[in-house]
Protein chains: 2
Amino acid sequence: MGKLTRQAVLEGALRLADEEGVEAVTIRRLAGELQVTPMALYWHFKNKTELLTAAVDHLMAGVIADVRPDRDWRERLRVIVEALVGTMRAHPSLPALLQVADKEQAESFTRATEATLDILAEAGFTLDEGYTIASYLLNGAVTLVHGRLDCRAGMTPEKVAQERRMHALRLQALPPDCFPRLVEYGRTLEEPSDAEEYFSFGVDLLIAGVEAMAAKKAREGTA
Amino acid sequence: MGKLTRQAVLEGALRLADEEGVEAVTIRRLAGELQVTPMALYWHFKNKTELLTAAVDHLMAGVIADVRPDRDWRERLRVIVEALVGTMRAHPSLPALLQVADKEQAESFTRATEATLDILAEAGFTLDEGYTIASYLLNGAVTLVHGRLDCRAGMTPEKVAQERRMHALRLQALPPDCFPRLVEYGRTLEEPSDAEEYFSFGVDLLIAGVEAMAAKKAREGTA
DNA sequence: ACCTGAACACCGTTCAAGT
DNA sequence: ACCTGAACACCGTTCAAGT
């Protein structure tokens with residue numbers, strides 16, 4: 001058989017994560033898939049943390065592909081947030097990986113942060129504020145993708161539909177006098193919702209917060 | 001010795017979580033602290049998931065204490081977000097608990113969601129949008145609190161200062177031509193930052209997004 | 001009703017040994 | 001250089017048995 005490489009381990013981990021969720025990525029399980037003993041992986045990665053960091057690094061590499069410094073900061077910010085959301089939609093494991101892995105050690109993540117800080121500095125924010133906003137945007141994107149069942153690891157259309165029905169039923173079973181909004185929401189949950197519409201609203205929401213704060217700072221600055 | 005109660009288990013779990021982080025809350029570890037065998041806990045809780053859900057339920061109970069239906073929706077929304085942030089600051093384990101526990105099963109969490117949906121419906125959002133915004137606000141609050149080292153489990157002022165210095169050094173060690181913003185941010189990180197200012201900015205940011213989207217909807221509605 | 005003991009099927013990781 | 005075997009110190013959980 002072809003011998004084990006660092007890349008083969010990484011690919012195996014990503015496949016496992018995308019198909020069955022990050023919690024399925026255990027050293028022992030992964031070793032089983034790759035037909036080696038668990039300890040073989042330790043030759044290629046110092047420990048599990050380093051493996052997950054490498055996975056994040058690999059997936060985040062695509063996020064800062066297209067930077068256009070000539071554009072307005074609003075446009076540049078939107079491009080980077082949409083790249084982030086797009087990458088997460090393509091790789092269902094990324095949101096969870098960003099939560100468990102030591103992302104600050106991933107170079108591609110650091111590059112994306114630098115790019116975001118640069119955009120936000122141009123918008124008039126301090127570096128402190130920029131750093132807060134950068135993690136607000138990152139976690140906002142994570143939250144958005146996480147909120148879509150069809151963007152979760154190993155989800156077939158049938159499973160999505162079934163989970164939706166279950167969720168709808170649970171909400172409709174609540175006492176309507178205490179939870180009128182949730183019961184009503186449970187009813188709307190029976191018909192499928194459009195992903196593009198959802199993400200469009202979500203990204204607008206994230207960006208709107210930043211733009212409003214920038215406008216506020218500009219007002220205070222000139223006052 | 002006094003015998004084990006459901007409440008004693010819950011209190012032990014919360015203490016452990018606040019002092020050493022949720023990852024320290026294992027059935028075996030907790031049983032050790034309570035001077036019983038691991039299996040004793042299974043009499044009071046069906047499984048670990050149920051324990052963590054109960055913990056979330058207990059901590060979230062304070063969040064919807066003061067609802068003032070006579071006020072403007074903006075004010076009501078701010079009150080609930082600030083209650084959320086305040087509760088998390090008081091209980092360092094809550095952000096992590098909300099990520100790992102099955103929060104939808106916690107009644108107090110459901111009540112807070114209902115209250116938020118109600119406020120957002122008044123603001124002109126659909127239930128779908130309201131649900132998206134509610135999780136945006138929740139995770140935004142989690143992100144904010146998580147970003148403060150001094151709000152993490154088991155952090156003494158000394159540890160905070162030391163972690164800050166380490167972070168500052170790591171950033172300043174980056175190549176300045178590639179990462180000018182991060183290097184600069186590393187320098188600002190050497191002097192302590194004000195928590196109140198940070199949270200004030202953060203909550204404003206979260207609310208600003210919602211208000212901007214509400215204004216946009218109002219414009220489109222009358223147009 | 002409330003708790004224990006023993007067992008099962010998992011983890012990540014170290015360390016000495018093999019080729 | 002690259003991998004294995006055995007061992008250690010952990011997990012959550014089940015199930016039969018004790019009081």
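Following rounding to the nearest Å, A/Leu4 (CG) and D/dC2 (P) show an atom-to-atom distance of 10 Å. In this structure, the CG atom of A/Leu51 is 15 Å from the P atom of C/dC11, given to the nearest Å. Straight-line distance from the CH2 atom of B/Trp43 to the P atom of C/dC2: 6 Å, rounded to whole Å. Rounded to a whole Å, the CZ atom of B/Phe45 is 12 Å from the P atom of C/dC3. Summarising the geometry, the separation between CD on A/Gln35 and P on D/dT4 is reported as 11 Å, rounded to the nearest angstrom.
In this entry D/dA7 has C/dT13 as its Watson-Crick or G-U wobble partner, both defining distances falling under 3.5 Å. Base pairing analysis places C/dT19 opposite D/dA1; the two distances defining the Watson-Crick or G-U wobble pair are each below 3.5 Å.
In the model, B/Glu11 has a side-chain atom that pairs as donor or acceptor with a side-chain atom of B/Gln7 under 3.5 Å.
For the pair A/Lys103 and A/Asp57, the salt-bridge criterion is not met [side-chain N within less than 4.0 Å of a carboxylate O].
Residues B/Asn139 and A/Asn139 fail the side-chain proximity criterion, which asks for heavy atoms closer than 4.5 Å. The shortest distance between side-chain heavy atoms of B/Gln172 and B/Leu189 does not fall below 4.5 Å. A heavy-atom distance below 4.5 Å is not found between the side chains of B/Thr126 and A/Thr188.
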Contact state string [nucleotides 12-19 of chain C, B base, S sugar-phosphate only, - no protein heavy atom under 4.0 Å]: BBB-----
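With a 6.0 Å radius and a threshold of 12 heavy atoms from other residues, nucleotides or ligands, B/Glu104 has its CD atom above the threshold.
The phosphate of D/dC3 (OP1 or OP2) has a side-chain N or O of A/His44 nearer than 4.0 angstrom.
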